[in-house]
Colleague: 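Please see the structure below; I have some questions.
Just so it is clear: chains get the letters A, B, ... in the order the sequence lines come, proteins before strands, and each one is counted from 1.
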There are 2 protein chains.
Amino acid sequence: MNSLAKQVESPELAAACLRFIESGGHTTQSFGLGQVLGQVFALLYLSPKPLCLDEIVEELDVSKASVSTTVRQLEEWSAVHHVWVKGDRRDFYEAETDFKAMLRHGVLAPLRKKMDTAVVRIEHVEESLHKALEKTNPEQRAQARIVAERLQRARKFHAKINALLNNPWLDRLL
Amino acid sequence: MNSLAKQVESPELAAACLRFIESGGHTTQSFGLGQVLGQVFALLYLSPKPLCLDEIVEELDVSKASVSTTVRQLEEWSAVHHVWVKGDRRDFYEAETDFKAMLRHGVLAPLRKKMDTAVVRIEHVEESLHKALEKTNPEQRAQARIVAERLQRARKFHAKINALLNNPWLDRLL
DNA sequence: AAATACGTTCAGTTTACACTGAACGCTATG
DNA sequence: CATAGCGTTCAGTGTAAACTGAACGTATTT
């Protein structure tokens, strides 16, 4: 018997919640994140009150270790946040309802990070290529020039994406 | 000895290309796609002429099976496309240089697909919830109403993302 | 027809990672 | 001080997916 049945009297309502939680798990799994992540968030999102770790464990029937790491992951993305309950040592969590903020911290920020490292990688290659260019004879430069041009285009495209991710217009479209 | 060394006389230039290919592999791997994907594309992107499967195999030192499936994956995303060479039975491929088109087919399209299935899942839950609402007594409805409201918000947010992905402004920002 | 050249497919392997169970550290309580 | 409650950490497990090697089908050449 799970804790959801304790809070929710109607079995139909509980069933609907469970299906939503299951859907959340499938969705996050399809994005390469684990299924527990989506389940935990979905549960907290539907819960009328903040939940502590053990309640989540009992509800989802997953290990406490999974919930612990998952919750910190979600917290890092501003998808859930800590809630202190007076006179209770346990850590309670509730879902962030502002999806826009979630998207910024959970999707755009990590994306920017990866794009940055990609740009840095290309810049390193360009750098070593320019050094190589100096000590090559003319007929080799023709080839190198083509490569250099393509590297430059790749880097500029990455920069364009970065600019887009930082563009304030993007916020307004949400 | 790899084929790149046959096309490119300068060892420094070849080294730079290999580093770029390696970077491509790291990048795609960081996005959950395999590392071969990024390597194959990077190789084709820098190659002055279209390459056939065996040339890619020899260059990257991966199995032919990997290259075969990877190339079809890339082709599906419009990241590379087939090139026929007169009088040659082999399949040659060259990289798409239009990154914008790549982004549309390789990123936005699959993303839209996943968002759609997520919306459908939520709609199913909402549907079954509404059915459940009918046969519940009043005090249960209060709880159900809260859940219904949150489900609706989640669905609307997903719809908003879908709208954003289809928004023509997005194209103009690139 | 036999043999060769290409690309694809499929079973098996290896690798990567989500997840678990148990031990640990910390804090509060008896 | 001992004990219990709570969250975190870490080694180990299980599983999914990337990747491989070999067999296969098809088309081309001799």
Side-chain angles (χ1 to χ4, degrees), chain A residues 3 21-22 24-44 50-77 79-94 106 110 114, chain B residues 3 21-22 24-44 50-77 80-94 110 114:
Chain A
S3 65
I21 291 167
E22 194 186 349
H26 284 315
T27 301
T28 51
Q29 198 174 21
S30 82
F31 278 98
L33 319 160
Q35 70 169 359
V36 179
L37 196 99
Q39 288 178 358
V40 169
F41 178 77
L43 172 61
L44 290 172
L51 302 178
C52 70
L53 286 194
D54 281 321
E55 288 172 324
I56 300 173
V57 166
E58 190 184 359
E59 184 64 47
L60 301 180
D61 197 37
V62 291
S63 74
K64 200 172 183 178
S66 271
V67 175
S68 179
T69 57
T70 297
V71 159
R72 255 184 301 116
Q73 174 81 288
L74 286 170
E75 204 179 10
E76 198 172 303
W77 291 345
V80 305
H81 47 80
H82 222 145
V83 170
W84 274 271
V85 175
K86 53 149 191 169
D88 201 323
R89 280 173 51 212
R90 295 175 294 179
D91 295 344
F92 286 85
Y93 295 93
E94 68 179 11
K114 285 181 184 176
Chain B
S3 66
I21 290 168
E22 193 185 350
H26 285 315
T27 300
T28 51
Q29 197 173 21
S30 81
F31 278 96
L33 318 161
Q35 69 169 0
V36 178
L37 196 98
Q39 288 178 357
V40 169
F41 178 77
L43 171 61
L44 289 173
L51 302 178
C52 70
L53 287 193
D54 282 320
E55 286 171 325
I56 299 173
V57 166
E58 191 185 359
E59 185 63 46
L60 301 179
D61 198 36
V62 291
S63 74
K64 199 171 181 178
S66 273
V67 175
S68 179
T69 58
T70 297
V71 158
R72 256 184 298 119
Q73 174 82 285
L74 286 170
E75 204 179 11
E76 199 172 302
W77 291 344
V80 305
H81 46 81
H82 221 145
V83 170
W84 274 271
V85 174
K86 53 151 191 169
D88 201 323
R89 279 173 51 212
R90 296 175 293 179
D91 295 344
F92 286 85
Y93 296 93
E94 68 180 9
K114 286 181 183 176

Colleague: Within this structure, what is the NZ-to-C1' distance between B:Lys64 and D:dC24, rounded to whole angstrom?
Modeller: 13 Å
Colleague: For B:Ile56 and D:dT20, give me the distance from atom CD1 to atom P, rounded to whole Å.
Modeller: 14 Å
Colleague: Separation of A:Arg90 atom CZ from D:dA4 atom C1', in whole Å?
Modeller: 14 Å
Colleague: Picking from C:dC19, D:dT9, D:dA22, which would you name as closest to the side chain of B:Ala65?
Modeller: D:dA22
Colleague: Given atom CG of B:Asp88 and atom P of D:dT29, what is their separation to the nearest angstrom?
Modeller: 10 Å
Colleague: For a quick test of reading the model, state the closest non-hydrogen atom pair linking B:Ile21 to B:Gln39 and the distance between them.
Modeller: O-CG, 3.6 Å
Colleague: Indicate the atoms forming the closest heavy-atom contact of B:Lys64 with B:Val57, along with that distance.
Modeller: CA-CG2, 3.6 Å
Colleague: Using whole Å, what does the distance between atom P of nucleotide D:dA18 and atom CG of B:Leu74 come to?
Modeller: 13 Å
Colleague: So, does A:Ser63 get its side chain near the phosphate of C:dG21, meaning an N or O under 4.0 Å from OP1 or OP2?
Modeller: no
Colleague: Whole angstroms only, please: what is the CZ-P distance between A:Phe31 and C:dC17?
Modeller: 19 Å
Colleague: Any idea which of D:dG7, C:dT9, C:dA5 is nearest the B:Arg89 side chain?
Modeller: C:dA5
Colleague: Of the nucleotides D:dC19, C:dT20, C:dC6, which has the atom closest to the B:Ser66 side chain?
Modeller: D:dC19
Colleague: Verify whether the ring centers belonging to A:Tyr93 and A:His82 lie closer than 6.0 Å.
Modeller: yes
Colleague: Where is the tightest heavy-atom contact between B:Val83 and B:Pro50, given as atom of each residue plus distance?
Modeller: CG1-CG, 4.0 Å
Colleague: Consider the side chain of A:Leu53, meaning its heavy atoms from C-beta on, and name the nucleotide among D:dT8, C:dC6, D:dC19 that approaches it most closely.
Modeller: D:dT8
Colleague: How do A:Gln29 and A:Tyr93 order along DNA chain D: which one's closest nucleotide is nearer the 5' end?
Modeller: A:Tyr93
